[in-house]
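Take a look at the structure below.
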Amino acid sequence: MNKDGIEIYPNLPDAAAAAASEIARISAQAIAERGRFTLALSGGSTPRALYAILAEDYKDAIDWKNVLLFWGDERYVPHDDPASNFRLVKESLLDFIPIPAENVFPIPTRNPNPEVAAQTYSTTLQSAFGEKHPTFDLILLGLGPDGHTASLFPGMDLDKDADKVAIVTNAPFVPPVRISLTLALINHARHVFFLVSGKEKAGILLEVLESRGDEETKYPAARVEGDVRWFVDRDAAGNI
Ligand code: 6PG
């Protein structure tokens with residue numbers, strides 16, 4: 001069901017399956033038009049269902065040798081830490097698909113100074129895209145309980161870093177230190193998908209959807225604009 005551009009599915013597996021199908025379609029179009037598909041992955045727990053579907057049902061259906069994988073954000077922990085978004089993607093997707101190692105661009109988290117990591121990742125992206133402000137074909141995002149997305153949190157000045165690619169942020173959740181793509185870079189993408197699931201997100205989802213377009217909104221997720229699609233399950237859509 002589609003309500004105000006929000007695509008509502010009976011449950012998370014169905015919402016994830018729909019997103020996976022659209023990722024495959026967009027990837028084929030990007031590869032046909034530009035020879036490659038650039039995708040930034042989200043972290044947290046919700047996307048595990050999507051990554052499992054991509055690993056299981058699209059192992060051969062997506063041309064992974066022409067896909068470049070990045071992360072929209074990362075917790076500043078070792079890549080084998082249970083909280084690592086790299087580990088989430090490795091365990092649920094990378095270990096199952098035929099993607100060349102050189103096509104996978106994790107956010108580095110070994111330098112004692114996260115600012116160096118953010119700058120390194122920014123340079124990596126600019127070099128991979130050949131653009132000062134990389135244009136992703138697709139960025140996957142989740143929605144936090146406080147309206148955050150990627151690792152952009154309420155209370156942050158989201159506009160001061162408009163000329164940057166990746167920045168260090170501080171989360172009100174553990175692990176606190178994060179690396180995140182900036183809002184400006186997210187809004188520069190050709191497509192953005194949100195995947196949202198669960199009754200606990202129903203309240204914040206409604207507030208975020210209702211404050212879209214409001215420059216003063218305190219919710220970073222409400223500042224995401226462009227070709228944005230919301231794949232949500234019925235539980236998360238309970239209030240809309
Ligand atoms: C992260 C994510 C973050 C996530 C939301 C939703 O690193 O935690 O990038 O933005 O998408 O917090 O997380 P859940 O899917 O676990 O609810």
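One-based numbering, in listed order, for ligands and for the atoms of each. Each residue takes its place number in the sequence, starting with 1. Source: prediction; values computed, not measured.
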*Under 3.5 Å: N/O of S42 near N/O of ligand 1*: no

*Are L140 and Y58 connected in the hydrophobic side-chain network, where two residues link if heavy atoms are under 4.5 Å apart?*
yes

*May I ask you to check whether F70 and F136 place their ring centres under 6.0 Å from each other?*
yes

*Sub-4.5 Å side-chain heavy-atom contact between I179 and I167*: no

*Measure the distance from atom 6 (C) of ligand 1 to every protein heavy atom, then report the residue, atom name and distance (to 0.1 Å) of the closest one.*
L143 O, 3.4 Å

_Y219 ring center within less than 6.0 Å of H148 ring center_ = no

*Return the option from G142, A150, G144 holding the heavy atom at the smallest distance from atom 10 (O) of ligand 1.*
A150

*Are any non-hydrogen side-chain atoms of D233 and D14 less than 4.5 angstrom apart?*
no

_Short N-O contact, K160 and D157, less than 4.0 angstrom_ = no

*Heavy atom of the protein closest to atom 15 (O) of ligand 1 (residue, atom name, distance)*: T46 OG1, 2.6 Å

*Could you see which bit of D73 sits under 4.0 Å from ligand 1, with heavy atoms only: side chain, backbone, both or neither?*
side chain

*Flag the pair T149 / V208 as yes when at least one side-chain heavy-atom distance between them is below 4.5 Å, and no otherwise.*
no

*List every atom of ligand 1 that sits less than 4.0 Å from any heavy atom of S45, numbering the atoms from 1 in the order shown and giving each element.*
14 (P), 15 (O), 16 (O)

*Would R223 and E215 pass as an ion pair if we require N to O under 4.0 Å?*
yes

*Identify, for atom 13 (O) of ligand 1, the protein heavy atom at the shortest distance, and state residue, atom and that distance.*
G44 CA, 4.0 Å

*asked:* Which residue and atom name correspond to the protein heavy atom nearest atom 17 (O) of ligand 1, and how close is it?
replied: K201 NZ, 2.6 Å

*Does ligand 1 have a heavy atom under 4.0 Å from the side chain of N85, from its backbone, from both, or from neither?*
side chain

*Contact check, E74 vs ligand 1, heavy-atom distance below 4.0 Å*: no

*Does some side-chain heavy atom of S84 sit less than 4.5 Å from a side-chain heavy atom of P78?*
no

*Got the closest protein heavy atom to atom 4 (C) of ligand 1, with its distance?*
G43 O, 4.0 Å

*asked:* Pairs of nitrogen or oxygen atoms closer than 3.5 Å, one from R75 and one from ligand 1: do any exist?
replied: yes

*Which is it for H148 and ligand 1 at heavy atoms under 4.0 Å: side chain, backbone, both or neither?*
side chain

